[in-house]
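To start, the structure under review is shown below, and the notes come after it.
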Amino acid sequence: MEQFRQQLAARLAPYMEKPAEEVRSMMETPPNPAWGDVAIPCFTLAKVKRQAPAKIAAALAGEIDLLGLADKVEAVGGYLNITFDSSLVAREIISGLTREGVDYGNAKIGQDKKVVIDFSSPNIAKPFGIGHLRTTVIGHSLSRIYAELGYDVVRVNHIGDWGTQFGKLIVAYTLYGEGDSLVQDGVEKLFRLYVKFHQEAEANFALEVEAREWFRRLEGGDPVARRYWELFKEVSLEEFKRVYQVLGIEFDYILGESFYEPYLAPTIQEIADKGLAVLSDGALIVDLESFGMPPCLLKKSDGATLYATRDLAAALYRDRLYHPELLLYVVGQEQTLVFRQLAAVLKLMGEPAGDKVEHVSFGLFKFPEGRMSTRRGNIIFLEDVLQRSIEMAAAIIEAKNPELQDKAEIARQVGVGAIVFGDLRHGRIKDVTFDWDEILNFDGETGPYLQYTHARASAVLRKAEGSTGGELSDFALTDEYALPLIKLLGEFAPTVAKAAAFFEPSVVARYVLDLAQEFNRFYHNCRIIGSDEKVEGTRLAIVLATKTILARGLYLLGLAAVERM
RNA sequence: GCGCCUGUAGCUCAGGGGAUAGAGCAACUGCCUUCUAAGCAGUGGGCCGCAGGUUCGAUUCCUGCCAGGCGCGCCA
């Protein structure tokens, strides 16, 4: 559709005495599709021309010649409303999609550019809770959205495998857990130890001190500390891999914070050499008062590093290795200040990375009663949620389609799809209240609805045994159900670009919902197989184009496009 | 106290200077002898948190206030 808007702008430009680009930027989409495809409000023109807006619109409507592009040009209440030639638009979009598939209209604006996306990044020794769902699915989706635009995407899982928490865990393990089989109980056991530590530490501050001491020893290379650390790490990574496998997510690099350990000293040195580091109460800080922010802590007074130090080292590492256009961090909004500080320090250092850091923040997952807390053991395990969702999908399949082949796999894809889409359909920034009924809903604006729609389209194509070639029928292309669907298909590429620009997978999610809705309307009202030969061929081409775009949209969100369900 | 974010239908959310503010869920109703009813269609439901300001025009931008969430030096 964008190409038609561009063409229209060029044709309109001479009449409006403005460059085509400006005309394009004036265009709006009317609230009611019946009014047209494009509206140009003439209110701002009124001032310059010193005429009533309605008069200007009427004059333009009378004089402009849009032969071969528009069906209808009318002036309504100060707006110039234009409806494109239906047949022209529909033919172009359907034949374009038939010819080029998902690449139709994709300008590949990311060609020869890179973007590094840091997402998921769970902490070792903590279970993979529902709270980690958001960063994981948003990051995964963004990585695919950017790749779709031609970007070379580097997906990094920045595992939290360093820090005082390990001291805590070592203390808890030596005190309460020695001899237990970690290999058997895995993260559950570590989680219980972590919770127990915090319970005990409330009454006994000495435990905190001991924990910090253990972390200091770990940083110092103490072999005993190191051995425990390796053990915890191994146990946790096993669990993470299981979750990623169920979700179908892969990374280019799974690098723990510990990976940057060798870069910490040089990074601090660099900052110090630039005269940015100062001692304050024994701690090494970068003053950020010039940015109106609290200082950034590089080193604790005991000499141990903090995660900000590791983030700095990691940002420099990534920027110098990949020279990306953007360094994305898909991290909860509670860390907004941290990333503003990170960018500020990099800017003070004169590093290009300072302008590339983009904090893709998102709202908190919480209970109706309040926030979740790993420390208090008050969380929901993502694996439990996925499991229940998959069971639910399996039960529905059993009830509706017991003959289905590969039931277990499809139940997995649909169950996971419900959870993933349930998260992505909302704007990132909103907090989410955890609710079993809502997260396990399969009706309405849900993942299963999209997958079901895709399966419907697939079923039609299967039954038709693919006779989509042939001449297109204007009648079938421009009826009241086909035309809006086709126009929407033409918006796919710009929608993906918009999602990337705002770092918002929900833009794609909403588009795909609209598309599914429009397709279901079409499906319900237009008989496809068994209509007149030319009409059938045309409608099949529409179904195929829809299936192609729907499948791609689902892919960009990280959902499986199932053939049957 | 300071900073960031959020207030739109009973609930979950879209929209983001412009025309009549839209979906889904829940409630009620209709549609399976025809391509998958996880669907389609209809009904009811709104001081767009409040008050000012900018503008030809504000739910949208600005300011203040109210409510909620999250942060604010040795946790991540």
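Lettering follows sequence order; numbering is per chain, from 1.
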Under 4.0 Å protein heavy-atom contact, by nucleotide of nucleotides 37-44 of chain B - B base, S sugar-phosphate only: SBBSS---

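Counting any heavy atom pair closer than 4.0 Å across all strands shown, A/Arg527 reaches a base atom. Residue contacts for A/Arg310: at a heavy-atom cut-off of 4.0 Å it reaches the sugar-phosphate backbone alone, with no base atom in range. When heavy atoms are screened at a 4.0 angstrom cut-off, A/Arg371 is found touching the sugar-phosphate backbone but no base atom. Looking at heavy-atom distances under 4.0 Å, A/Gly427 makes contact with sugar-phosphate atoms alone, never a base. In this structure, A/Glu518 reaches neither bases nor backbone, as no heavy-atom distance under 4.0 Å exists between it and the strands shown. A/Ile529 comes within 4.0 angstrom of a base, heavy atoms only. Within 4.0 Å of A/Gly163, counting heavy atoms only, lie sugar-phosphate atoms of the nucleic acid but no base atom. Among the protein residues, A/Pro31 comes within range of the nucleic acid bases, having at least one heavy atom under 4.0 Å from a base atom. Using a 4.0 Å heavy-atom criterion, one finds that A/Gln335 contacts the bases of the nucleic acid, with or without backbone contacts as well. In this structure, A/Asp161 reaches neither bases nor backbone, as no heavy-atom distance under 4.0 Å exists between it and the strands shown.
Regarding contacts with the backbone of B/C75, a side-chain N or O of A/Thr164 is found under 4.0 angstrom from either OP1 or OP2. OP1 or OP2 of B/A14 lies within a sub-4.0 Å distance of a side-chain N or O belonging to A/Lys430.
If you take NZ of A/Lys299 and C1' of B/C75, they are 19 Å apart, rounded to a whole angstrom. Rounded to an integer number of Å, the gap from CD of A/Glu491 to P of B/A14 is 21 Å. Rounded to whole Å, the distance from NZ on A/Lys366 to P on B/U6 is 14 Å. When the P atom of B/A76 is taken as reference, atom NZ of A/Lys168 falls 8 Å away, rounded to whole Å. In this structure, A/Glu334 places its CD atom 15 Å from P of B/U6, rounding to the nearest Å.
Note on A/Arg412 versus A/Glu409: salt bridge recorded, some NZ/NE/NH1/NH2 to OD/OE distance being below 4.0 Å. Salt-bridge annotation for A/Glu391 and A/Arg388: absent, with no side-chain N of the basic residue lying under 4.0 Å from a carboxylate O of the acidic one.
Under the Watson-Crick or G-U wobble criterion, with both distances below 3.5 Å, B/U55 is left unpaired in every strand shown. Across all strands shown, B/C47 has no partner, as no Watson-Crick or G-U wobble contact with both distances under 3.5 Å is found. The partner of B/G3 is B/C70, by the rule that a Watson-Crick or G-U pair needs both atom distances under 3.5 Å.
Looking at the side chain of A/Val76, the nearest of the listed nucleotides B/C75, B/C74, B/A19 is B/A19. With distances taken from any side-chain atom of A/Leu306 to the nucleotides B/G71, B/C13, B/C75, the minimum falls on B/C75.
In this pair, A/Trp436 and A/Phe434 present their aromatic rings perpendicular. The plane angle is above 60°, beyond the 30 to 60° band.
One finds the CG atom of A/Leu556 at 11.0 Å from the OH atom of A/Tyr511 (value rounded to the nearest 0.5 Å).
Each of A/Val432 and A/Ile528 lies near RNA chain B, and the nucleotide nearest A/Val432 is the one positioned closer to the 5' end.
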Show me the donor-acceptor pairs, under 3.5 Å and distance only, between side chains in residues 329-339 of chain A and residues at least two apart or in other chains.
residue: A/Thr336; atom: OG1; partner: A/Gln333; partner atom: O; Å: 2.6

